[in-house]
Amino acid sequence: MRAHRALLCCVILKAWLVGKDDRKKSKQLFSQTDKRHLKKKRKINLFVFSFFSSNPGAMDQPLLGPASTRRRGCCSYSTLKAWLPILSWLPKYNLKWLQMDLLAGLTVGLTAVPQVLAYAEIAGLPVQFGLYSAFMGGFIYSLLGTSKDITLGPTAIMSLLCFSVVGGHPNQAVLLSLLCGLIQAAMALLRLGFLLDFISYPVIKGFTCAAAITIGFGQIKNILGLKGIPQEFFQQVYYTFHKIPEARTGDVVLGLLCLALLIMLLFMKKNLSPADPDDSTCSRVARKLVWAVSTMRNALVVMAASCVAYSWDAYGYNVFTITGETSRGLPPFRPPPTTDTTANGTVISFGEIIEGFGGGLAVIPFMGLLESIAIAKAFASQNDYRIDANQELLAIGVTNIMGSFVSAYPVTGSFGRTAVNSQTGVCSPAGGIVTSLIVLLSLAFLMQAFYYIPKASLAAVIICAVAPMVDYHVVLKMWRIRKLDLLPFMVTFLISFWEVQYGIVGGVAVSGALLLYNMARPQIKVSDHGVLVMELGSGLSFPATEYLSRIVHTQALQASPPRSVVLDCHHVSIIDYSVISELRDLLRQFKLREEQLIFSRVRPAVLDALLAADLEGFRCTQTVEEALQIESGSLLKEQ
């Protein structure tokens with residue numbers, strides 16, 4: 001007996017260490033023992049599995065085989081890597097990756113600094129808040145993110161949404177970042193990323209097009225140097241045209257020059273020919289120089305405009321509207337404020353702030369997740385790797401939570417900066433750390449230089465950034481493919497000019513109504529083979545009950561004379577109790593009229609539900625032809 005026990009222990013431990021191939025040998029040895037030894041083997045196996053695994057309840061899982069087929073323990077290294085993706089790529093890091101990440105991080109940093117300053121203007125906040133919001137994402141995402149390309153920070157759309165909710169109050173913007181981060185992190189932990197699937201593509205495009213027009217037109221006042229323009233879109237349009245005679249010549253000239261330079265550099269980058277091995281050294285150097293200048297065009301144009309503004313100011317000519325005084329130094333690390341104070345000294349409580357956020361507290365976290373994950377998926381597909389959507393939710397949520405402690409407003413993935421990151425050849429999320437360091441250095445040492453940045457140059461940067469988002473081609477595509485999709489697009493597009501968050505909610509509501517309509521009106525193809533054959537085009541759920549009943553009554557039961565029906569259920573994958581109750585009544589109606597209702601090509605899951613309902617007179621065939629033969633036989637007997 002002791003020999004048998006020792007043999008069993010040795011076999012199990014050997015199987016655990018050696019692998020899948022020795023499992024067959026262990027089974028052969030087990031087959032030579034009696035039933036008592038098998039029971040004892042089971043107990044020993046459970047003990048060994050409990051000792052080596054942090055999940056002893058997974059006894060029924062194979063002990064051997066690939067790691068992907070075994071359950072991960074809650075404290076295993078695999079689980080730790082799933083929660084901290086940096087553990088997957090950091091061991092493989094090398095000098096080549098470091099060189100490429102330094103180059104990409106530096107390039108994105110020089111692009112990000114002027115952009116985030118401009119985006120803070122869109123959010124109605126002092127320009128330093130753009131920088132406060134731009135550095136935390138690089139550090140957090142390098143630990144938790146699963147995309148090597150994406151960069152987190154302020155974007156035009158999130159800045160517009162933030163302004164629509166907080167109205168340019170810094171304390172409320174910081175608190176909004178904390179609440180958005182908590183919502184996003186909770187969604188990640190609860191695996192609720194699937195909720196983003198309920199925002200359809202037409203709604204997204206309608207929102208982005210309207211947001212781009214709103215943001216772009218909102219910068220016209222800075223190009224013209226106008227003041228006292230309201231923020232509400234329709235009033236903004238009226239007063240911008242009304243005050244054109246008050247435009248400042250210096251701002252107009254500088255703004256148009258900056259726009260022309262940015263467009264020219266962008267055009268040069270798009271039309272830059274690929275490198276040819278036969279090119280001379282001068283050609284390769286010239287190509288790299290053009291690429292570098294066009295990639296860093298935002299920073300170069302803003303720096304050049306600042307030099308021009310400083311030169312004129314040094315000679316005493318105040319011809320440009322400049323950014324002005326900004327807070328210097330790094331932001332203090334402190335908990336986000338839970339109250340706010342108005343200009344007249346009135347204190348706004350936490351509850352009143354939350355009430356003022358309204359629906360924006362649901363819209364902003366969703367749109368932040370949607371924008372970032374869509375960008376991450378696009379670049380993951382382009383560069384041949386995969387992302388973990390729920391892990392991305394966690395990375396964005398933690399970034400917003402930690403960002404609120406350094407006075408940041410809500411952030412998300414930036415398409416423009418991510419594209420620059422990818423094109424520069426970034427190899428890991430460590431490139432974001434370099435970008436964050438560039439932003440921190442700007443905060444620490446360059447805030448005094450930001451005093452002379454002309455607002456017209458920042459406006460030009462924003463207009464060039466959002467212009468590609470106005471995708472009018474998508475309207476033509478939807479018109480050709482499915483005209484009904486234009487309805488949620490137009491609802492979202494038009495309402496967003498009134499209130500951005502209402503536009504998104506309205507578009508989602510219309511999309512939901514169209515989805516419910518399609519469920520309530522499934523496609524039913526009727527053909528006459530002497531017997532009516534009704535082919536159902538999709539699943540049957542309770543909204544479709546009345547429609548199906550009306551079609552059957554109109555085409556068969558109320559015909560003169562009544563006719564039998566074959567229901568072809570080949571495409572039906574779901575069915576619910578309401579439909580089964582209606583089918584019971586239809587079977588009774590056919591029986592009263594001495595006709596037949598035969599079911600054909602029913603899927604196993606649906607067939608199980610129909611059999612469990614114990615429908616009187618239920619008949620089912622494997623093919624439509626078989627059902628037609630049964631009905632033909634019944635007609636011959638009657639004759």
Identify the two heavy atoms, one from Leu440 and one from Leu330, that lie closest to each other, and give their separation to 0.1 Å. O-CD2, 3.7 Å
Between atom CD1 of Ile438 and atom CG of Leu443, what is the distance when rounded to the nearest 0.5 Å? 12.0 Å
Rounded at 0.5 Å granularity, tell me how far CD1 in Ile462 sits from CD1 in Ile223. 9.5 Å
Considering only distance and modelled atom types, tabulate donor-acceptor pairs under 3.5 Å from the side chains of residues 413-421, sequence neighbours left out.
{"unit_1": "Ser414", "atom_1": "OG", "unit_2": "Arg417", "atom_2": "N", "d": "3.3"}
{"unit_1": "Arg417", "atom_1": "NH1", "unit_2": "Gln115", "atom_2": "OE1", "d": "3.0"}
{"unit_1": "Arg417", "atom_1": "NH1", "unit_2": "Pro154", "atom_2": "O", "d": "3.4"}
{"unit_1": "Arg417", "atom_1": "NH2", "unit_2": "Pro154", "atom_2": "O", "d": "2.8"}
{"unit_1": "Thr418", "atom_1": "OG1", "unit_2": "Thr151", "atom_2": "N", "d": "3.3"}
{"unit_1": "Thr418", "atom_1": "OG1", "unit_2": "Ser414", "atom_2": "O", "d": "2.5"}
{"unit_1": "Asn421", "atom_1": "ND2", "unit_2": "Asp149", "atom_2": "O", "d": "2.7"}

In short, Phe139 meets Ser436 closest at the heavy-atom pair CE1-CB, 3.6 Å
Atom pair SG/NE2 of Cys162 and His169 - distance to nearest 0.5 Å: 11.5 Å
For the residue pair Cys258 and Ala305, what are the closest heavy atoms and their distance? SG-CB, 4.1 Å
Indicate the ring-plane relationship of Tyr239 and His242, choosing parallel, tilted or perpendicular according to the 30° and 60° boundaries. perpendicular
Nearest heavy-atom approach of Val252 to Ala247 is CG2-CB, 4.1 Å
Is a salt bridge present between Lys455 and Asp251, judged by a nitrogen-to-oxygen distance below 4.0 Å? no
When you measure from the side chain of Ser311 to the backbone of Cys307, do you find a donor-acceptor pair of N or O atoms at a distance under 3.5 Å? yes
Is the CH2 atom of Trp312 crowded by more than 12 outside heavy atoms at less than 6.0 Å? no
Distance-minimising heavy-atom pair for Leu226 and Lys243: CD2-O, 3.2 Å
Listed once per pair and sorted, the ring pair (Phe, Tyr, Trp, His ring centres under 6.0 Å) pairs that draw on residues 247-266, sequence neighbours left out: none
Let me confirm one number: the SG-CG distance from Cys464 to Leu265, rounded to the nearest 0.5 Å. 9.5 Å
Please answer whether the main-chain N or O of Ser428 pairs with a side-chain N or O of Asp101 as donor and acceptor at a distance below 3.5 Å. yes
Check the orientation of Phe217 and Phe241. Use parallel for under 30°, tilted for 30 to 60°, and perpendicular for over 60°. tilted
Quick one: do Thr321 and Asn222 satisfy side-chain hydrogen bond (donor to acceptor under 3.5 Å, both in side chains)? Show the steps, please. CA-CA 8 Å; Thr321 304; Asn222 290 327; over 6 Å; no
Can you measure from OG1 (Thr208) to CG (Asp471) and round to the nearest 0.5 angstrom? 7.5 Å
Classify the ring geometry between Phe493 and Phe489 as parallel (under 30°), tilted (30 to 60°) or perpendicular (over 60°). parallel
How close do Phe320 and Arg248 get, heavy atom to heavy atom, and via which atoms? N-NH2, 3.5 Å
May I have all residue pairs that pass side-chain hydrogen bond (donor to acceptor under 3.5 Å, both in side chains) and include part of residues 117-145, sequence neighbours excluded? Gln128-Ser327, Tyr141-Glu392
